[in-house]
Amino acid sequence: MSPAKPISLALQGGGAHGAFEWGVIDRLLEDGRVEIRAVTGASAGALNGVVLAAGLAADGVQGGRTNLEAFWRAVSTAAEAPFGKSGLWTEALSPAWLKETPGWQMAQSWAQSFSPYQFNPFNFNPLREALTSVVDFAVLRERSPISLYVSATAVRNAQSRIFRTAELTAEHLLASACLPQLFQAVVIDDEPYWDGGYLANPALWPLFYDQTPGDILVVNLNPFVRKETPKTPAQILDRLNEITFNASLVSELRAVAFVQKLIGDGLLTEKAEGRYRDIRIHAIGADAWLADLSLESKFDTDWSFLVDLMRRGRRAAGAWLEKGLPDIGVRSSAKLAGQSPWPAHA
């Protein structure tokens, strides 16, 4: 049997849609033909990476799979109130037609006039319990089998901050997943942080300079392409959310394409050649697998919905293994320029 091909995973944030990434990772681990040596992630993507690493450290591949399932079960249980399927948040967002009514729009505007410092003064965050129930951070920092890169957004200086394996605590993960409309900023070393996806979703650049595999498999949760122009307030909000959370990734992919061209055309100086390497980008995209889901479903933590997302992720990973695996170590299979960066099978 051929040795597993080393890869890095780049995992986007996207709330409950992160369960799709759970399915992708589960299928890759089950297949065994790739070896995950590094994970860079924002928000839900960062959570998946850390939970995976903790499971691998405890019990190898099976530990990774078991730990991811335990984490998403804990998310579903911990978030039942107020953010789960049976909680006030999701109930307020249904039925779908209600979002299009003037009354709903007025109520939503009123609700948005309050900050989490007002409606959540004790800063309740159900993710904390779910995360600490499956991750021993002391063990993770000491002997994680994979390199971890967790992005967060520094509020005051508008910079992306990357936290690495040796410094990670639960606070770093909560910072990476801190939506400012729902939670108070997470303060680390006197700097408040918000969701990492605003400026790095996920951050690719740390993988360019560290000793990580030359192949990066990006799993994105926000569709790049929509066939129809959004016209209702809800549709416009959904599309703005997708564009905003894809913007940083698009910028990094363009930078990768530029460097690849310089390397391919032999335009780098002798000094520069030692600083850059030819990174190969591969992708499992949301366009083909999550395009039927809207913004509010990112807050749906009902177990049946999370399992559906996981199964979609497994199917997506299976399709990629069939068509994209031969490109590992050979060439980029993602299109780094054009309307959509992902190939059809992504």
Side-chain angles (χ1 to χ4, degrees), residues 8-15 18 37-54 56-57 67 71 74-75 78-79 115-212 244-245 247-249 251-252:
S8 297
L9 284 182
L11 305 177
Q12 262 196 343
R37 293 189 180 176
V39 177
T40 180
S43 195
L47 292 165
N48 278 322
V50 166
V51 171
L52 166 66
L56 292 174
N67 217 39
F71 170 70
V75 167
S115 86
Y117 295 86
Q118 295 169 310
F119 69 75
N120 188 11
F122 298 104
N123 204 23
F124 169 74
N125 190 333
L127 275 178
R128 184 186 301 277
E129 181 179 350
L131 182 61
T132 56
S133 70
V134 297
V135 177
D136 184 329
F137 281 93
V139 172
L140 180 80
R141 292 189 297 269
E142 182 178 339
R143 53 185 178 92
S144 171
I146 60 180
S147 300
L148 296 166
Y149 306 87
V150 173
S151 67
T153 300
V155 178
R156 293 188 298 211
N157 63 21
Q159 296 290 318
S160 178
R161 172 78 182 271
I162 305 300
F163 299 108
R164 288 169 165 79
T165 314
E167 60 186 319
L168 291 178
T169 67
E171 295 305 305
H172 296 97
L173 275 297
L174 295 177
S176 183
C178 179
L179 289 174
Q181 301 91 342
L182 295 179
F183 304 111
Q184 299 176 23
V186 178
V187 179
I188 299 172
D189 297 330
D190 296 323
E191 177 66 42
Y193 288 94
W194 285 342
D195 194 293
Y198 291 117
L199 294 177
N201 197 26
L204 302 184
W205 63 264
L207 302 177
F208 303 160
Y209 303 107
D210 284 2
Q211 295 300 311
T212 57
T244 299
F245 280 101
S248 61
L249 178 58
S251 296
E252 289 208 71

Asks: Closest heavy-atom contact between Y198 and Q181?
Replies: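 Distance-wise, the nearest heavy atoms are OH-OE1, 4.0 Å.
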
Asks: So do V135 and L173 actually touch side chain to side chain, heavy atoms under 4.5 Å?
Replies: no

Asks: Measure across L11 and G49 and return the closest heavy-atom pair with its distance rounded to 0.1 Å.
Replies: CD1-N, 4.3 Å

Asks: Got a sec, which residues hit salt bridge (charged side-chain N to carboxylate O under 4.0 Å, His left out) with E171, two or more places apart in sequence or on another chain?
Replies: R128

Asks: Quick check: closest heavy atoms across G18 and N48, and the distance to 0.1 Å?
Replies: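 Here G18 and N48 meet closest at O-ND2, 3.0 Å.
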
Asks: I want to check something: taking the side chain as every heavy atom from C-beta on, are V75 and L131 in contact at a cut-off of under 4.5 Å?
Replies: no

Asks: For residues L207 and S8, report the shortest heavy-atom separation together with the two atoms involved.
Replies: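 Reported closest heavy-atom pair: CD1-CB, 3.9 Å.
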
Asks: Under the 3.5 angstrom rule, does the side chain of E191 hit a backbone N or O of I188 as a donor-acceptor pair?
Replies: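 No, because the side chain of E191 does not come within donor-acceptor range (under 3.5 Å) of the backbone of I188.
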
Asks: Check step by step if side-chain contact (heavy atoms from CB on, under 4.5 Å) holds for V150 and L47.
Replies: CA-CA 9 Å; V150 173; L47 292 165; over 6 Å; no

Asks: Hey, does the side chain of N201 reach the backbone of G13 with a donor-acceptor pair shorter than 3.5 angstrom?
Replies: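 Side chain of N201 to backbone of G13: a pair is present.
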
Asks: When rounded to the nearest 0.5 angstrom, what distance separates CG in L204 from CG in L249?
Replies: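 Taking CG in L204 and CG in L249, the distance rounds to 6.0 Å.
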
Asks: Measure across A203 and T40 and return the closest heavy-atom pair with its distance rounded to 0.1 Å.
Replies: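 Closest heavy-atom pair between A203 and T40: O-OG1, 2.7 Å.
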
Asks: Strictly by side chain to side chain donor-acceptor pair (under 3.5 Å), give each pair with a member in residues 138-152 just once, sequence neighbours left out.
Replies: Y149-D210

Asks: Nearest 0.5 Å, please: how far is CG in L127 from OG1 in T132?
Replies: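 If I round to the nearest 0.5 Å, the distance is 10.5 Å.
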
Asks: Taking S160 for the side chain and L199 for the main chain, is one N or O donor matched with an acceptor at less than 3.5 Å?
Replies: no

Asks: Are L52 and N67 close enough that some pair of their side-chain heavy atoms sits under 4.5 Å apart?
Replies: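 SC-SC contact between L52 and N67 ruled out.
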
Asks: Just to verify, what does D195 make a side chain to side chain donor-acceptor pair (under 3.5 Å) with, not counting sequence neighbours?
Replies: S43

Asks: Given side-chain contact (heavy atoms from CB on, under 4.5 Å), test F71 with V50 step by step and report yes or no.
Replies: CA-CA 11 Å; F71 170 70; V50 166; over 6 Å; no

Asks: Can you name the ring pair (Phe, Tyr, Trp, His ring centres under 6.0 Å) partners of F163, sequence neighbours left out?
Replies: H172, Y193

Asks: Sequence neighbours excluded, which residues qualify as salt bridge (charged side-chain N to carboxylate O under 4.0 Å, His left out) partners of D136?
Replies: none

Asks: Not counting sequence neighbours, which residues clear side chain to side chain donor-acceptor pair (under 3.5 Å) with S176? List them please.
Replies: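 Side chain to side chain donor-acceptor pair (under 3.5 Å) check on S176 returns nothing, list empty.
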
Asks: Atom CD of residue position E129 - does it have more than 12 heavy atoms of other residues, nucleotides or ligands inside 6.0 Å?
Replies: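 Result for CD/E129: open.
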
Asks: Which pair of heavy atoms, one from W205 and one from Y209, lies closest together, and at what distance?
Replies: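 Closest heavy-atom pair between W205 and Y209: O-CD1, 3.2 Å.
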
